[in-house]
Each structure stands twice: as structure tokens, then as C-alpha cells.
Trainee: 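Let me begin by handing over the structure; questions about it come next.
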Amino acid sequence: MADLEIRDLTVEADGTEILRGVTLDLDKGKTIALMGPNGSGKSTLAYAIAGHPAYDVTGGTITWQGKELNDLTPDERARLGVFLAMQYPVEVPGVSLTNFLRTALNAVSENDVPIREFMTRLRGEMKELGVNESFLQRSVNEGFSGGEKKRFEILQAALLRPQLAVLDETDSGLDVDALKTVAEGVNRLEGPDLGVLIITHYTRILRYIKPDEVHVMFEGRIVASGGPELADELEDKGYENIAGLKATV
Amino acid sequence: MNLDALTEDAVTGRSDAAGEPSWLRDRRLAAFKRYLDQAWPDSRADEFWRSTPFDRRFDVVRDVVAELPEVGVEVPGTVTASLDASTSLVRIVDGVVLDAVVPAALVEQGVIVTDLATAVVEHPELIESVLGSLTTSDPEGTGGDEDRTITANDAAWTGGAFVYVPPEVEVEAPIGIHVHVTRPGAHLPRVLAVIGHHAKASIYLEHTSVEGVDALVDEVVEVVAHDAATVHLASLQSWSDQIQHLGLHKIQAHRDTTIRTLAVTTGGATVRLRPETDLVGPGADVRPLGIYFADDGQWFDLQPYVRHIAPHASSDVLFKGALQGRSRTVFRGNIFVHKDAVGTSTDENNRSLILTKGARADATPFLEIECSDITAGHGSATGQIDARHLFYLESRGIRREDALRLIVFGFFREVLRELDLPGIEEASLAAIEARVEQADLSAVQVNDAALRDEVNA
Ligand SMILES: Nc1ncnc2c1ncn2[C@@H]1O[C@H](COP(=O)(O)OP(=O)(O)OP(=O)(O)O)[C@@H](O)[C@H]1O
Ligand SMILES: [Mg+2]
């Protein structure tokens, strides 16, 4: 049994069926990439894993380390080690970034991390990811540029140490240097205790984060699966040849 | 002496007994005459009272309290006194000044922080020309037309504080004025502060009362800020459940002054607060801020008023409130721009966060503009906790209660972070936390519609 098992998952939002039977496995220690054109349902899958209230699971299962996630609240899932780096992180006005991170860390570690130890860790992670110390005074995502938001998502992953990290378009909005820093950040997190599901449109992040498998989503279904070479093929041929890919499944 | 039936004899009798100078006695008498001509506000007729039914929320048939509490009565601590700084503090308990403390170093610089009754005798030259000047008509046209809630205080105030900061003196540590209520009845505190040109002062007005006391507090605060002064005025309404509070906190801002006010309202049955600023000198800048948290049974009516009388002044009003239970808040912000006030810049905003069913927030940002050469904005919004914010925090493992608390605090921090007043942010958040603690978080309503906006965006 895989650590993350998604079986025949169907998901609706606002009364419309978006995922139409998705099956996917991911083990800790592995990295898989999920690609697909705009609107194919990639973020919907990510949100369904995290428990976003706008997405209703109408059929199928998501099991994480033997636990059915569907009945759990988002915070319960997070405390089981599930983390979603969001495609569009929201600004939470006035909520102090430091306070937010400390509350989150205490929650996932089920432990009151002393403030000094926390600050030392936080400063360390910020340095690694090239996040300026002045961010300590800011509110969660408030006034952050697109790239800063993405960096901050990875910073949270680095601090919270999840066992399943879903990275939804973390590369978009990053320039080449930022992409490298963020990819290095992800690589540092990788190891036998972490499974990574990396969602992306483009192959460029896959030059830095090597996936073990690549899956392609189209209209709410996985239509092609393969090794890293599948990503290159997509890069060459583009998603227009989805129909062709379908035939090869 | 009953607030609803003041008599000439009672007003002058008290003045004489206190040995007040004749100008003050005359002034009280003049106010009393106006009081006689007036009736209590009629919420059906008076525009500024339309939102709060005076006769249902305020009981004026009460004896005026001016009697020290029994020996041994404990006065609660204050934010001012808790600070690790050489603060000054006047404590007014039950209509009587209990004590006034001012550090020797400030006295040497000419700073006065004392009982207003003492000050009128010792420093009439500082007081005679200003006391009451912001509540009665004067040639500059800033006061005037005050209703009976104010003329009653003008006539019969008891328990007053006086603050004077000489020109060019910067007082770093806050100056506290603590109004504490232990006895039922009508309390009529009065505050006068005169801040000299290029001087600087922060005044903390702290309001507390013992549990269960049923009282009306009809308060008038006048602050005159002379040219280029910097004045911060924080008012904390930390009343117990049965207090009815009428507060006029009025500032006259002269040329190039910098004024910051913050009203933090969490206590009391009914609080009607008027944080007002008259911008009478060019280049004056005021930022009236307010936060409030209304719980079951509470009714807060907040009426910040800014009058742009001089040109090239700026104002930016921001009030934010959260509500739970069967509570009611009213925001009636007023901006007046005189026809000569060219180059005015003004903005006025109110945000309400409705946490549970049954609460109601009304907002009317009101602009009265006689001059066209200005920039003005205003806005108000009432909403619920945003489901997207909640999901974001929860997705990081934060439990719902903690996430809600963070969001509510964040809502208020947006206001609090505009100021750097030692102890105020902590005290305000602690007061709000105490309210949130009592809330039934499972009843909190979340705005799911925001989730759809996200997708459609
Ligand atoms: N909450 C929602 N309500 C209604 N429709 C939704 C909702 N969320 C997503 N959809 C729709 O579902 C489809 C898939 O959206 P999703 O965001 O999962 O795509 P995606 O593959 O992540 O696209 P992109 O590459 O642009 O990020 C789209 O047509 C989208 O409009
Ligand atoms: Mg997406």
C-alpha cells in the first residue's frame, strides 16, 4: 500500500464535476510531477488533498498512511503531515507572520516550541531561502509579490517539516534565480520521510527537482503517465497532443 | 443633585462650596441656563441621535456622584501605571480626584498634571480662556450647538483633570487619566489638556468600573494642541456590563499639529463616543482610529467627527469593530470641509466583522463638503470571517479556534499597528481576547461566498 493512495476520486466545485476519477499513488521518499493544461483540474486535486471547503469529494478515496482523509478537517490533515504550497496564497490581513508560523509549528509539532528556539530556526530557514529579515514584521502574505508568496510557502514547508508536500505551481512567478533558490529549498527537504507531488505547467522546475514519475491530467483525468522523459516529450510536443498521449496510455 | 433636574442653587452651591473662582461659577451658570432651555436628545428628531434611542439606552434620572469611595476601596491598575516609564497619572474615582502623580523631572520642565479644581485656582491664566471653549460657540465657529448631554457636564462637572505641557516640551511617557466608577448614579468627569507649540504628549484615558455598578458617565474631554504639537490620545472603554457612557473627546488642532487618537471600546452596556477634531490651523494632520468589540447586549455608537476649517489639513479616519451575540454597533463618521479649506485631504473608513448571528452593524460615513478643491474618500464594509483566510491558517495545522482568534486579532492589528503607544496594543488585544474567550466559536459564521469569488477572479 502506498503512503498516499488516491482512488477513483471525483470532486465537484459549485455543482460542477471537475475531477472525474483520479487514481494516483505516492510513496514517501518519492517525487512525482503532475502536469496538464490550464483548467485540467490540478489545483482541484491539490485542494481536495488539503481539504479545501469549496471542493466536495463526491466519490473515491484519498488515503494517507492508511487514514482516510476525507472525513478530516484541513488542520487535522496538516497535523498528519500533509502540506499544500498554494498556487495563489491568500493575504491574511493583520495576522503577524511570526505569530502565524509559531502557532502553526506548535500545532503540527503538538509541542510548545520555546520562542527563542523558534526564532533561531525561523531565521535559519529564512536565510537559506533568501527571505529578508524584515518579513518578520509583516503580515501573512500581505503586500507580498507573487514570487515572495511562493518563497514564503516553501519557507513554511521548511519550518513545518511535512511528510507529504503538494507544491502547486510553486515555480510560477519566480525568476530564474528565485526558482533555483526555491528548488534548492525543496531539495533540502526531500528525503526518505517526504513525498512530493509537484504540480506544474512547465518543465523548467523539473530541471532542478527531478521527478521519479510524471503524470498528465486532462479534463479531470490522468491521461498519461511515465518517467521523467514524459515531461520532455510534453515540452517538445505541447499539450495539444493530449489526444495522442491518451492513445499511449 | 439629580442630573435630570439640575437647579441653579445646586450648581452654584457646589461651585461656592468648592471655592471656585467667579468666572468658573458664571460659566457653570451660563451652561445651566442652556441646560434649562434644552430637552434631552430626541432620537426621532435629532439627526445625530437617530441611530441610538436615547431614552431606551440612557437613564438620566440619577443623582450626580461626587463622593469618594469608602476607605479601602481598591482602584484597579492601569495601563499607564503598568508601564516601565515615568508616567503621570490622575485618578478620578466617583466624581472626586483621588490623587495625581507627576514625576519631578516633568514638574521642573513646567508640566502640570493635576486636579482641574486645583488648577483653576492655581493656574487660571492657563484655563480660563480654554475651559469650555470647545463645547460652546466661539468666534472660530468650532464649538456650539451642543446638546443637553454636554451642557449638563459644562454646568455640573465634578472630578476633573488638567494637563499642561509647555511649549517645546516633549513628554515621552504617557500621561494617564483614570476614571473609575464604584457608585451608582451620574458621573460627570471633565478633562482639559493644553499642549503647547512644538510640544509632545500622549494621553491615556482609561475607564473602568466595578462589576455590577449601574451608572451613567457623561464625560467631556477638551484638548487644545497648539502649533506643531504632537498629541496622541488613547481612550480605553473597559467598563463593566451596566455602564452607560456618553463621551465627547474633542481636540482643537492648530497649525501643523500631528494628532493621533485611538478609541478602544470593549466594555459598557451603551457607549456613545464622539472623538472629534477641529482642524483650525493649516497643515494639521489627524488620524482618528477606533476599534471595538461588542458582545451580547452591548450597544456602541461611534461618531468620529473631523472639521476641516483651515486649508491644507488632512484627516484619515479608520474604525473597525467586531460583533457577536445580540449586539449593535453604529458608526456615524462625519467629515465637514469648510468652503475655505482648500487643499483638504480626507478619508474615512469603517469595517465591521460580524462573528455570530443576531449582531447588527450600521455604518454611515457622512461628508459635508463646501469646498471643491479637495480630495475625499470614504467607505464602509460589513462582512464575516473570510473562509479563504480560515482555510489558509487551518491548512497549516492551526485549529479552528486559534485560527479565528488570529484572524480577529489581525483585523484589529491593522488599526493598532498605526500607532506606537506603549502598552496600548497589548491592553487592547487582551480586552478583545477576553471577549473572544466568551464567544461560542462553533457559532461563528464564515463567509463561504469568498471561496467562489476566488475561483471567478
Ligand atoms: N471552486 C470552484 N467552483 C467552480 N469551478 C471551479 C472551482 N475551482 C475550480 N473550478 C473549475 O474547475 C476547473 C479546474 O480548475 P483547477 O484550478 O483545478 O485547474 P488547474 O489545472 O489547476 O489550472 P491552472 O493550470 O490554470 O492552475 C476549471 O475549469 C475551474 O474553473
Ligand atoms: Mg492550478
Side-chain angles (χ1 to χ4, degrees), chain A residues 13-16 18 39 43-44 46-47 49-55 72-97 99-110 137-142 149 153 156-157 159-162 166, chain B residues 289 291 318 320-322 349 351 353 381 383-420 425-426 428-429 432-433 441-442 444-457:
Chain A
D14 230 4
T16 323
I18 299 170
S43 293
T44 300
Y47 279 139
I49 294 170
H52 193 293
Y55 298 86
L72 303 181
T73 58
D75 55 306
E76 287 167 336
R77 299 179 199 209
R79 292 197 299 274
L80 291 176
V82 176
F83 181 89
L84 168 61
M86 297 187 203
Q87 184 174 4
Y88 303 111
V90 297
E91 303 192 5
V92 194
V95 173
S96 122
L97 185 144
N99 211 350
F100 159 69
L101 291 176
R102 182 146 186 256
T103 312
L105 181 61
N106 286 347
V108 297
S109 63
E110 304 281 0
Q137 314 310 324
R138 310 224 354 215
S139 299
V140 175
N141 292 323
E142 210 176 0
K149 284 183 182 169
E153 295 292 287
Q156 292 175 55
L159 198 69
L160 302 178
R161 296 274 158 187
V166 180
Chain B
L289 301 169
I291 61 175
L318 176 62
K320 295 181 90 171
N349 286 284
R351 298 273 175 278
L353 187 58
Q384 295 161 337
I385 296 264
D386 187 321
R388 292 168 305 173
H389 299 162
L390 200 55
F391 172 68
Y392 191 80
L393 301 191
E394 288 181 322
S395 78
R396 276 30 175 164
I398 299 174
R399 289 175 175 81
R400 177 160 282 226
E401 295 104 275
D402 294 327
L404 288 170
R405 201 169 292 138
L406 281 174
I407 292 169
V408 171
F409 285 1
F411 176 76
F412 290 119
R413 266 188 75 242
E414 282 199 292
V415 177
L416 293 168
R417 71 184 173 195
E418 298 265 325
L419 290 166
D420 183 19
E425 175 165 349
E426 296 80 348
S428 307
L429 292 179
I432 285 159
E433 171 135 44
L441 293 170
S442 63
V444 167
Q445 293 186 308
V446 173
N447 177 16
D448 292 320
L451 296 172
R452 276 188 289 282
D453 296 347
E454 176 178 38
V455 173
N456 300 331

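A, B, ... follow the sequence lines: proteins, then strands. Residue 1 opens every chain. Being a predicted model, the structure only gives us computed values, none of them experimental.
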Trainee: Based on non-hydrogen pairs under 4.5 Å, which of A/Leu84, A/Leu105, A/Leu80, A/Val108 is most in contact with chain B?
Mentor: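 The residue among A/Leu84, A/Leu105, A/Leu80, A/Val108 with the greatest pair count is A/Leu84.
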Trainee: What part of A/Ser96 is in contact with chain B, defined as an atom under 4.5 angstrom from a non-hydrogen atom: side chain, backbone, both or neither?
Mentor: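 Both backbone and side chain.
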Trainee: Can you tell whether the side chains of B/Arg396 and A/Glu153 come within less than 4.0 Å, N to carboxylate O?
Mentor: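 Salt bridge present between B/Arg396 and A/Glu153.
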Trainee: Kindly say whether A/Glu76 contributes a backbone atom to a donor-acceptor pair with the side chain of B/Arg399 at under 3.5 angstrom?
Mentor: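 Not at all, since once roles are kept as given, no pair shorter than 3.5 Å links the two residues.
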Trainee: What part of A/Glu142 gets within 4.5 angstrom of chain B, counting heavy atoms only: side chain, backbone, both, or neither?
Mentor: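 It is the side chain, since no backbone atom gets that close.
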Trainee: Can you tell which of A/Thr73, A/Leu101, A/Asn141 has the highest number of heavy-atom pairs within less than 4.5 Å of chain B?
Mentor: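 Greatest number of close heavy-atom pairs with chain B: A/Asn141.
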Trainee: Could you walk me through whether A/Asp75 and B/Arg400 pass the side chain to side chain contact (heavy atoms under 4.5 Å, CB included) check?
Mentor: CA-CA 8 Å; A/Asp75 55 306; B/Arg400 177 160 282 226; 5.7 Å; no
Trainee: Pick one of side chain, backbone, both or neither for B/Arg417, based on which atoms fall under 4.5 Å of a heavy atom in chain A.
Mentor: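 Contact with chain A involves the side chain of B/Arg417 alone.
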Trainee: Looking at A/Arg77, A/Arg79, A/Gln156, which makes the most heavy-atom pairs under 4.5 Å with chain B?
Mentor: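 Looking at each option in turn, the highest pair count goes to A/Arg79.
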Trainee: Check whether B/Phe411 gets within reach of chain A through its side chain, its backbone, both or neither, counting any heavy atom under 4.5 Å.
Mentor: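 The answer is the backbone of B/Phe411.
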Trainee: Return the orientation label for the B/Phe391 and A/His52 ring planes: parallel under 30°, perpendicular over 60°, tilted otherwise.
Mentor: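 Tilted, since the angle between the ring planes falls between 30° and 60°.
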Trainee: Quick check on A/Pro89 against chain B: is it the side chain, the backbone, both or neither that has a heavy atom closer than 4.5 Å?
Mentor: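 Both parts, backbone and side chain.
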